[in-house]
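One structure below.
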Amino acid sequence: MILISVQDLEKGFGVHEVLRGVTFSLQKGEKMGLVGVNGCGKTTLMRLIAGEMQPDNGSIHMSKDLRIGYLAQLDDIPLTDTVWGALLKVFEPVRIMERRMQDLEEQLQHLADDPETAMRLTAEYQRISEEYNEKQGYAYEGEMLRVLGGLGLRPEMHQRQVATLSGGERTRLSLAKLLLQKPDIILMDEPTNHLDLEAIEWLQDYLTEYKGSLLLISHDRYFLDRVCTTMGELLGGKMIKFTGNYTEYMRKRTADFETRMKAYQLQQKEIEREKAIIERYRSFNREKSIKAAESRQKRLDRIQLLEKPVEEQHVRFSFQARRRSGEDALEVKELAKSFDDRPIFRDVSFKLRTGDRVALIGPNGVGKSTLFHILTGQSTPDNGSVRFGTNIDVGYYDQHQDSLNPEQSILDEVWNAFPKLEQSRIRGALGLFLFTGDEVFDKISQLSGGERGRVALTKLMLKQDNLLLLDEPTNHLDMDSREVLEDALSDFPGTILAISHDRYFINRFADKVMVMADDGVTEYLGNFDDYLEKRNRPRPQVSVGDEMTRTAQIKEKKKSRQQSAILRERKAAVRKAEEAIEKNEQEIARLEALLAQPETYNDMDLMLKLTESYQAEQNKTEALYEALEEAENACMEAEV
């Protein structure tokens, strides 16, 4: 069922045309990610759908009584409300029913001598009670606690006034209000911006299970991968839609571009061939050849010309190391750091070998950037030591780009760092990061965050260091630039230690994840997905002490083998249950297709038989899912 249909939508601001001919639809239950370079019109399109703006041309058709929730519209919470009170307003219809039911209960206690009124009030109570249960009125406070907790708004914050909240906390409160309203379609523009990793994971799971539809703008590719079922790319003012999540979109986008470019080139080649034939016929200057030329020209004029596929300019670069290092790259022992007698971290110890690719994660404020400042000599530790390996050259990417001089031009900023290089080499390097022509004379102070990041990456590339310390390197970069950065790092022969909240980036480059806390770091082999699996399903470590006897060791091994056998059996039960559900769904789909055929209704016996079979399969579905749940629970118990 189509909930929203957008046809030939156009929108411009002055002479700048943002959207031209955008056409797409959003189905019931569809979760669509909206991507494209900064300034391509993603937010404009969302505001048009939300009704905050009107298009210049085109139309937006919506199904009747459609409820749309837009995060930007919900920042109207009164500042005098408490956090809890603001969310209670979402459930005011249910609370009115609650109060009416309480009122009826009190009245019914005093109507023993008035059976007629008692019967009437009892009927009203029964009706309201059924509606109250249908709307799950008994569960709304639990739902509020679940959403507030998931978004990091702790119980001690519930009675605080909205006016006392920070900007990020108010955004989370608005998001909580939006989720509790449960509209048919949720419109979200960068919902993860003010969330920590734990809250992002919670929101990700919530939206994955959400029964409604979703239109989502986000630069968090991991989030898009886990939540979205379709992707829409705004390119050149138009929409191209792909089925699948972000990873599928990237694969299909490349194949789609190549297909469209090939079709365009073949058509252009055919047009040139036809023009040559027409020109040759005309050169004969005979009546018959002129008529043939005119006939071919008419046929050529009727061809529907294909538009040349547009592809945005992309950054392209690679990292090299000017010399090889020793086997050990970095060793950190028992580092500790405090500010104004407030401990930041202690007992931080780890070791990097040459070629390691490590992601450093942890909650905000735990001291990850401070650790980098110690490693680069910008700060001194209170305790502990840092030792670099032989021939290690350290390259540092600062997410804030504080080392850039705002008064210098782009060209001077890079050239002053490498005065021995020729200007042509510097301009060539800047060209790889899309700084061309007179743009290289723009001042650093005039640049956006993404442009400053590209200047810093240019300098880092030219340094050719063999140990890269990267502090949030994907911040401010568009998606395509992030993909290129990941490709460049995959070919880098040196060692990488990167602070990042970008889970997709971590999956692409890391072979180890270090989680930093205030009392040290914990290491996990593998990328972010591997870390999640190990974190969420910790496996008990069997410790066999020196005092354990040979007999005890044999018993321990036998017990382990038995547990493995039980786990295999229970995994087999899960697979069997999944296969039964798949078979059930296939049979339901087959019967639905037969029941949809007009000829089925000409044969009453066949129709009754198919209907009975269909009902029987439908009745089996719930039992099959219950069996799967039991098998999965048993499997999880065996794994713990």
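As the structure is a computational prediction, the values presented were derived from the model and not from experiment.
- No hydrogens or angles considered: a donor-acceptor pair under 3.5 Å links the side chains of D502 and T474.
- In this structure, the separation between CD on E523 and CZ on F350 is 8.5 Å, given to the nearest 0.5 Å.
- Pairs of residues two or more places apart, or lying in two chains, that qualify as ring-ring contact (aromatic ring centres under 6.0 Å, His included) and include a residue from residues 507-533 are Y222-F528, F505-F509, Y524-Y531, F528-Y531.
- At least one donor-acceptor pair closer than 3.5 Å links the side chain of K42 to the backbone N or O of G36.
- Under the 4.5 Å side-chain criterion, counting only non-hydrogen atoms from C-beta, E439 is not in contact with E451.
- Put simply, the side chain of L19 reaches to within 4.5 Å of the side chain of L234, judged on heavy atoms.
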### Message
For a side chain to side chain contact (heavy atoms under 4.5 Å, CB included) check, start with the C-alpha distance between I77 and R170, then their side-chain angles and the critical distance, and finish with the verdict.
### Response
CA-CA 9 Å; I77 300 174; R170 285 180 61 184; over 6 Å; no
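- Side chains of L371 and L360 form a contact here, defined as non-hydrogen atoms less than 4.5 Å apart.
- Distance alone, capped at 3.5 Å, is enough to place a donor-acceptor pair between the R322 side chain and the K463 backbone.
- Checked by atom type and distance alone, the side chain of N507 pairs as donor or acceptor with a backbone atom of D529 at under 3.5 Å.
- Taken from CG in L467 to CD1 in I392, the straight-line distance is 5.5 Å, to the nearest 0.5 Å.
- When all heavy atoms of D256 and R260 are compared, the pair lying nearest together is OD2-NE, 2.7 Å.
- The shortest distance between side-chain heavy atoms of F435 and D442 does not fall below 4.5 Å.
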#### Entry: Working for side chain to side chain contact (heavy atoms under 4.5 Å, CB included), residues I444 and N405
CA-CA 7 Å; I444 299 295; N405 185 341; 5.8 Å; no
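- L352 pairs in a side-chain contact (heavy atoms from CB on, under 4.5 Å) with only one of the listed residues (D328, I496, T495), which is T495.
- Salt-bridge annotation for K459 and D398: absent, with no side-chain N of the basic residue lying under 4.0 Å from a carboxylate O of the acidic one.
- The structure places CE of M514 at 9.5 Å from CG of D356, a figure rounded to the nearest 0.5 Å.
- The CG atom of L151 lies 9.5 Å from the CG atom of L173; values are rounded to the nearest 0.5 Å.
- Closest approach of Q399 and S369 over heavy atoms only: NE2-OG, 4.0 Å.
- In terms of heavy-atom proximity, I217 sits nearest to P191 at O-CD, 3.6 Å.
- For the pair F441/L411, a side-chain contact is recorded, criterion being any heavy-atom separation below 4.5 Å from C-beta on.
- Of the possible donor and acceptor atoms, one in the side chain of S213 sits under 3.5 Å from a partner among the backbone N and O of Q27.
- A distance of 8.0 Å separates CZ in R454 from CD1 in I410, rounded to the nearest 0.5 Å.
- Annotation: side chain of L497 is in contact with side chain of L375 (closest heavy-atom distance under 4.5 Å).
- Nearest heavy atoms, R324 versus N391: O-CB, 3.4 Å.
- The environment of K333 atom NZ is sparse: at most 12 non-hydrogen atoms of other residues, nucleotides or ligands sit within 6.0 angstrom.
- A 4.5 Å side-chain heavy-atom check between L45 and F24 finds at least one atom pair inside the cut-off.
- With a 6.0 Å radius and a threshold of 12 heavy atoms from other residues, nucleotides or ligands, R425 has its CZ atom at or below the threshold.
- Partner of M479 under the side-chain contact (heavy atoms from CB on, under 4.5 Å) criterion, out of V484, V37, L224: L224 alone.
- Here the shortest heavy-atom pairing between V455 and L447 reads CG2-CD1, 3.9 Å.
- In this structure a side-chain-to-backbone donor-acceptor pair under 3.5 Å is missing from H501 to I361.
- Ion pairing between a basic and an acidic side chain is recognised when a charged N comes within 4.0 Å of a carboxylate O; K368 and D471 show no such pairing.
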### Task
Quick one: do L432 and M461 satisfy side chain to side chain contact (heavy atoms under 4.5 Å, CB included)? Show the steps, please.
CA-CA 11 Å; L432 296 177; M461 179 191 74; 4.1 Å; yes
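- S349 contributes a side-chain N or O that, together with a main-chain N or O of E334, makes up a donor-acceptor pair within less than 3.5 Å.
- Of all heavy-atom pairs spanning G367 and F345, the tightest one is O-CE2, 3.6 Å.
- Side chain of D225 to backbone of Y246: a donor-acceptor contact under 3.5 angstrom is found.
- Between the side chain of R357 and the backbone N or O of D511 there is no donor-acceptor pair closer than 3.5 Å.
- With salt bridges taken as basic N to acidic carboxylate O contacts below 4.0 Å, none links E201 and R503.
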### Query
Does the pair E169 and R160 meet the rule for a side chain to side chain contact (heavy atoms under 4.5 Å, CB included), with working shown?
CA-CA 11 Å; E169 289 167 343; R160 281 177 55 184; 3.8 Å; yes
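- Although no hydrogens or angles enter the test, the distance criterion places no donor-acceptor pair under 3.5 Å between the side chain of D205 and the main chain of W202.
- For N466 (side chain) and A321 (main-chain N/O), no donor-acceptor pair under 3.5 Å exists by modelled atom type.
- Each ring-ring contact (aromatic ring centres under 6.0 Å, His included) pair with one or both residues in residues 363-397, not counting sequence neighbours, would appear here, but there are none.
- Between atom CG of residue L489 and atom OG of residue S318 there is a gap of 10.5 Å, rounded to the nearest 0.5 Å.
- Using a 4.5 Å cut-off on side-chain heavy atoms (C-beta onward), L165 and R172 make no contact.
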